[in-house]
Amino acid sequence: MSKIITLSEFIIDRQADFPYASGDLSRLLSDIGIAAKIVNQQVNKAGLGDILGAFGTTNIQGEVQQKLDVYADEVFINSFRNGGEVCGIASEENDAYVAFDRDLCKKGKYVVLFDPLDGSSNIDVNVSIGTIFSIFRRTSSVGDLANINDFLQKGCEQVAAGYVIYGSSTMLVYTTGYGVNGFTLEPSIGEFCLSHPSMMIPEDGKVYSINEGNMAITTPGIQAYVAYCKEVDKKDGRPYSARYIGSLVADFHRNLIKGGIYIYPPTTGAPKGKLRLLYECSPLAFIVEQAGGLATTGTSSIMDIQPKELHQREPLLIGSKNMVLKAMEFIAELESAKV
Ligand code: AHG
Ligand code: MN
Ligand code: MN
């Protein structure tokens, strides 16, 4: 048996990657690991909501059972507010960003943007869901309140990004720009343990993940690429398999390990698709690129987009490099006239 490396040990070991680091980022990542364990506890009990309620154990304040996505949002926000490394946060659950006004927080060097529970429509049906986070160094001065420009940064400026998947087991996967590492929660000791060191996404895959219900209302390039995925060609293993869970984190995680492409395309009703640049697209783009894959809107790299607003949406094609490049070929060929 090889030695177990816990998330905390790993984070401390890796601090040497940042020669002038003060340890703030390490503490922040450790805090995220702890918050993830707290959320995991509740996610595991999701189906028991009514039963626990009936026993009068709704929550410690005696309030009515909260929706899990709101609960997760509060757990992460409290963890960041109490940690002192973060001067402000923006979350998919809140309309505006929150600038922490405690003196300790105003000295924080980082902002965090996150999707507290991704795939939340899957909570009630016992299907994997996740948390996605993105960390930037603030652009405002240390000591001031955080402002909007701290949050509206390009993906390529990220200091770290990661996700937690609450699945058949719970995993935390993150990058600080030095590769991607995955940790599995070992419930008996309550620790995330390094289980997937130096993750790389296969350059080619045989899985495509898209909501095919949208085929008639998406763009010609996407339609043509999905048709290509279904064509028979034994040389490259087509037809590919369709796999779509409806939880981005879960679909992304499977494709990261096995190879594949996830697409949330533009549709007639939503010309920028559904996913949010800052809470979903950018952090996963950082991870996939660190793992050797690609993330694009179809025409531009996700990492290079200058966000204009917090809840900005962008189309997303993400995954195995050659699959994403192939999809981009169809888009360039069939849609370039429109641009
Ligand atoms: P969220 O639960 O955070 O709002 O995100 C849901 C997202 C994403 O996780 C998933 O891949 C996608 O919505 C599914 O959308 P469709 O049902 O339109 O396919
Ligand atoms: Mn989401
Ligand atoms: Mn969400």
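Computed from a prediction, not measured in an experiment: that's the story for all the values here. Start at 1 and go down the list; that is how both ligands and their atoms are numbered. Counting from 1, the numbers follow the sequence of the chain as shown.
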Subject >> Least distance between heavy atoms, L152 atom then L310 atom >> reply: CD2-N, 3.8 Å
**OP:** Going by heavy-atom distance to atom 9 (O) of ligand 1, choose the closest among L117, D118, I132.
**Re:** D118
**OP:** Answer side chain, backbone, both or neither: which part of Y279 comes under 4.0 Å from ligand 1, heavy atoms only.
**Re:** neither
Original post:
Can you list the protein N, O or S atoms less than 2.8 Å from the Mn ion (ligand 3)?
Top reply: E92 OE1, D115 OD1, L117 O
Subject >> Within 6.0 Å of CD in E9, more than 12 heavy atoms from elsewhere >> reply: yes
Original post:
Taking atom types as modelled, is there a side-chain donor on S79 or D31 under 3.5 Å from an acceptor on the other?
Top reply: no
**OP:** Please determine if N214 has a nitrogen or oxygen closer than 3.5 Å to a nitrogen or oxygen of ligand 1.
**Re:** no
**OP:** Drop me the distance from H311's NE2 to S91's OG, to the nearest 0.5 angstrom.
**Re:** 7.5 Å
**OP:** Give the atoms of ligand 1, by number and element, whose distance to some non-hydrogen atom of S247 is under 4.0 Å.
**Re:** 9 (O), 11 (O)
Original post:
Looking at ligand 1, does any of its N/O atoms fall within less than 3.5 Å of an N/O of L248?
Top reply: yes
Original post:
Among L277, L284, V288, whose side chain to side chain contact (heavy atoms under 4.5 Å, CB included) with I302 holds?
Top reply: L277
Subject >> Between K67 and S120: side-chain donor-acceptor atoms closer than 3.5 Å >> reply: no
